[in-house]
Amino acid sequence: MQLVSTSPAIDAPAASSINRLFGLLPRIELPFFIILLLAHLIPVGTGSYFPTADGPTHLYNADLLKNLVTGDSLANQFHLINTRLDPNWFAHILLAGMLFFLSAGVAEKVILCLYLIAFPLAFRFVIMQLNRRAAFLSLLAFPFLYNYVFQFGFYNYCLSLVFLFLIIGYWLRINYRFTQVNTVVLMTLITLVYITHPLSYLFSGLVSGTLVLERFGIFRKPEWKLLLINLLKLGLIYLPTGLLMLYYIWSHSDQQDLTLNHAISLYLYKLLTLDAIRFMGQTEKFFVLLVAGLLAWGGFQAVRQLFRERLQHSAPLLIVLAVTLVLYLVIPNALAGEEYIKPRLALTCYLFLILFFTTANWPVTVRSIFMIGTLLVAGGFLAYRTTEYRKAQAGAEEILTARNYIKPHSVMLPIKFDAPEQMPYGQRVSFRRELHPFNSIVNYLPIGKDVISLSNYEARTFSFPLLWQYNRIPDFGKLDRLEEYVSSQVMSIEHYENTIKQSVDYVVILGLDSLSHPIYQRSLGQELNTYYKSVYTSPNRLVRVYEKVE
């Protein structure tokens, strides 16, 4: 007698439901994208301060730039406008413009939200032009949204990625048609990416050029006449900003460090462990590992199919990815006045890798599982970081209370003692040691008051719109790295007054235990006791304000 099993009949409805669910998920990925887009605004939207390392200094310099433009102020005595038309201007110009009708806190939130909204949308725009069936990959933008570069407060580079992806997406959308409108739009985007950051400008030219090579057959039988004509048209579009870029490279030639990096194995390890998106504590390693798994899975899917057939746009994307990887491994971390080049390049590597994933044909089930994994990782990342940001915001709010005790039209000397990630009541924010959220928070204090902050290290470079006047450049080393001067140097307020040729009206000290610090006990405390009076100490001793006695 033949036995008939009924288990398939029982399991069939469940299997059918799962298949329907997996088939449905890729079709409704847009609502998930919108939910993640809105959710990632929460850390910036809560509290009056969002902790980035250099953000306060960018905002302060935008305020000084506004003061220089509007008329006579103390800023005119200490600063001047950089006449070099260098990149890294966009965020400052945008902030300075908003400060004419918005408060400083609101203006900064606007530029942060602009990036947090525009970056995922621009990235999705490119993916939709490459392969509409791969739209679900745009969800991978969110684990990379709050990245190491953004946390440093490098607003220009973050915004430049928006323009980079808009250029790539628009170039694919117009399908190499050089009409008048298309040419004007491209030139506008190229100009914007140039004044935002030079790296993204160069990458936009690299991607555009390789796409032209693919379109006119350099990877098969070339159409030489059409190829040369379109390369010439592309070159003419880039010509005005290209000349500016050559001038920028030449003007910074004295700052070039062309020594090849010998620690290639170390930086390759950092790249593989996604160091460019990890900046908070050990807990993040779990989420970073999950993101690495998603990238490995996506790479496997794309490479497996690449060996079987030639995929559209795979060749130019692989070329760009390879060039970015080589640059990341060999060039030094500081180049032409720029620092932290490698995290920028690493982040760009990851993003180009995701774009390469779009060339694969993803089965429906694989797409659904990938979507679920991406949603869980992005949500977990956001939840953990939001908790840490709230700790930092609590300490920031206390430090910002010192603003009420600094009078307008004065000179302020900030001095930082303790590890800035230490919070009230013994709490600590789990930021990486080299990336602390209070690196330049003191530069929020003078905004809107026409106050000169002697810790304005940004104006010492030629990479931004504002410069110190050559005869009033403070010594920033003692301000930002006091621990290096404990045994060899003596902090002296008189030293700064002699440098800037003007009295220091306020000394602002950050640090819980500053009064017991060797530098304070050696000379600084004596000067403060003799020439200054204490006007404010915050409840948890995070900040102290001293005013010069008349």
Side-chain angles (χ1 to χ4, degrees), residues 29-41 44 87-88 90-91 94 110-150 154-175 182 184-208 210-211 237-238 241 276-277 298 313 316-317 320-321 324 344-359 374 378:
E29 53 81 25
L30 180 57
F32 288 114
F33 179 88
I34 295 173
I35 291 171
L36 283 179
L37 185 68
L38 297 176
H40 279 74
L41 298 178
V44 171
N88 280 318
F90 181 77
L94 187 60
V110 168
I111 201 168
L112 290 172
C113 290
L114 176 63
Y115 159 74
L116 293 172
I117 293 173
F119 173 77
L121 290 176
F123 193 65
R124 181 183 177 86
F125 176 58
V126 177
I127 290 176
M128 295 296 285
Q129 306 311 310
L130 289 169
N131 183 1
R132 298 185 68 88
R133 290 174 57 84
F136 70 98
L137 289 172
S138 61
L139 297 174
L140 262 183
F142 294 104
F144 294 92
L145 193 56
Y146 284 87
N147 54 70
Y148 190 67
V149 176
F150 174 70
F154 296 159
Y155 297 157
N156 280 302
Y157 189 72
C158 291
L159 290 171
S160 74
L161 291 175
V162 175
F163 295 124
L164 170 62
F165 292 127
L166 287 177
I167 290 171
I168 298 172
Y170 190 74
W171 187 243
L172 291 167
R173 187 181 184 88
I174 65 176
N175 197 23
N182 293 342
V184 170
V185 172
L186 275 175
M187 291 190 71
T188 302
L189 291 173
I190 290 168
T191 303
L192 288 172
V193 78
Y194 170 78
I195 65 173
T196 310
H197 201 275
L199 273 181
S200 292
Y201 171 81
L202 294 174
F203 279 126
S204 72
L206 175 63
V207 176
S208 300
T210 53
L211 287 174
I237 291 176
Y238 271 89
T241 50
I277 67 170
H313 304 311
L317 290 174
V320 172
L321 181 59
T324 310
R344 293 180 171 100
L345 289 172
L347 176 63
T348 311
C349 272
Y350 303 140
L351 298 175
F352 283 148
L353 178 63
I354 297 171
L355 293 185
F356 172 64
F357 296 168
T358 63
T359 63
T374 305

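Residue indices begin at 1 and follow the sequence shown.
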May I ask you to test the [X]-[Y] pair for a side-chain heavy-atom distance under 4.5 Å?
X    : Y    : answer
P87  : N156 : no
L145 : L36  : no
F125 : V162 : no
F90  : V193 : no

Stepwise side chain to side chain contact (heavy atoms under 4.5 Å, CB included) test for I168 and F352
CA-CA 11 Å; I168 298 172; F352 283 148; 4.3 Å; yes
At their closest point, which heavy atom of [X] faces which heavy atom of [Y], and how far apart are they?
X    : Y    : value
Y157 : R344 : OH-O, 3.3 Å
L172 : Q129 : CB-CB, 3.8 Å
F165 : L355 : CE2-CD1, 3.9 Å
I167 : S204 : CD1-CB, 3.9 Å
T359 : H313 : CG2-C, 4.0 Å
F123 : L137 : CE2-O, 4.3 Å

Run the side chain to side chain donor-acceptor pair (under 3.5 Å) test against S200 and tell me which residues pass, sequence neighbours left out.
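With neighbours one apart ignored, the set is S160.
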Residue list, side chain to side chain donor-acceptor pair (under 3.5 Å) with Y350, at least two apart or on another chain
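Side chain to side chain donor-acceptor pair (under 3.5 Å) list for Y350, sorted by chain: empty.
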Give, for atom [atom1] of [X] and atom [atom2] of [Y], the distance between the pair rounded to the nearest 0.5 Å.
X    : Y    : atom1 : atom2 : result
L199 : L206 : CG    : CG    : 11.5 Å
L116 : L121 : CG    : CG    : 11.0 Å
L164 : L192 : CG    : CG    : 13.0 Å
F203 : T348 : CZ    : OG1   : 5.0 Å
T196 : N88  : OG1   : CG    : 8.5 Å
F144 : L347 : CZ    : CG    : 7.5 Å

Answer with yes or no after comparing the ring centroid distance for F142 and F33 against a 6.0 Å cut-off, counting only values under it.
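Yes - the distance between ring centres of F142 and F33 falls below the 6.0 Å cut-off.
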Suppose we screen for ring-ring contact (aromatic ring centres under 6.0 Å, His included). Which residues come up paired with Y115, at least two apart in sequence or across chains?
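Scan of Y115 (ring-ring contact (aromatic ring centres under 6.0 Å, His included), adjacent residues dropped) gives F119, F150.
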Can you list everything that forms a ring-ring contact (aromatic ring centres under 6.0 Å, His included) with Y201? Sequence neighbours excluded, please.
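Partners of Y201 under the ring-ring contact (aromatic ring centres under 6.0 Å, His included) test: Y194, Y238.
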Report the C-alpha separation of T358 and V126 in whole Å, then their side-chain angles, then the decisive distance to 0.1 Å, and conclude whether the side chain to side chain contact (heavy atoms under 4.5 Å, CB included) test is met.
CA-CA 10 Å; T358 63; V126 177; over 6 Å; no
Ignoring hydrogens and angles, write down the donor-acceptor pairs under 3.5 Å from the side chains of residues 184-191, residues two or more places apart or on other chains.
unit_1 : atom_1 : unit_2 : atom_2 : d
T188   : OG1    : V184   : O      : 2.8
T191   : OG1    : M187   : O      : 2.7

If you look only at pairs with a residue in residues 131-144, which of them pass as a side-chain hydrogen bond (donor to acceptor under 3.5 Å, both in side chains), with sequence neighbours excluded?
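Found R124-S138.
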Under 3.5 Å donor-acceptor, S208 side chain and G205 backbone
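Not confirmed, S208 side chain does not pair with G205 backbone.
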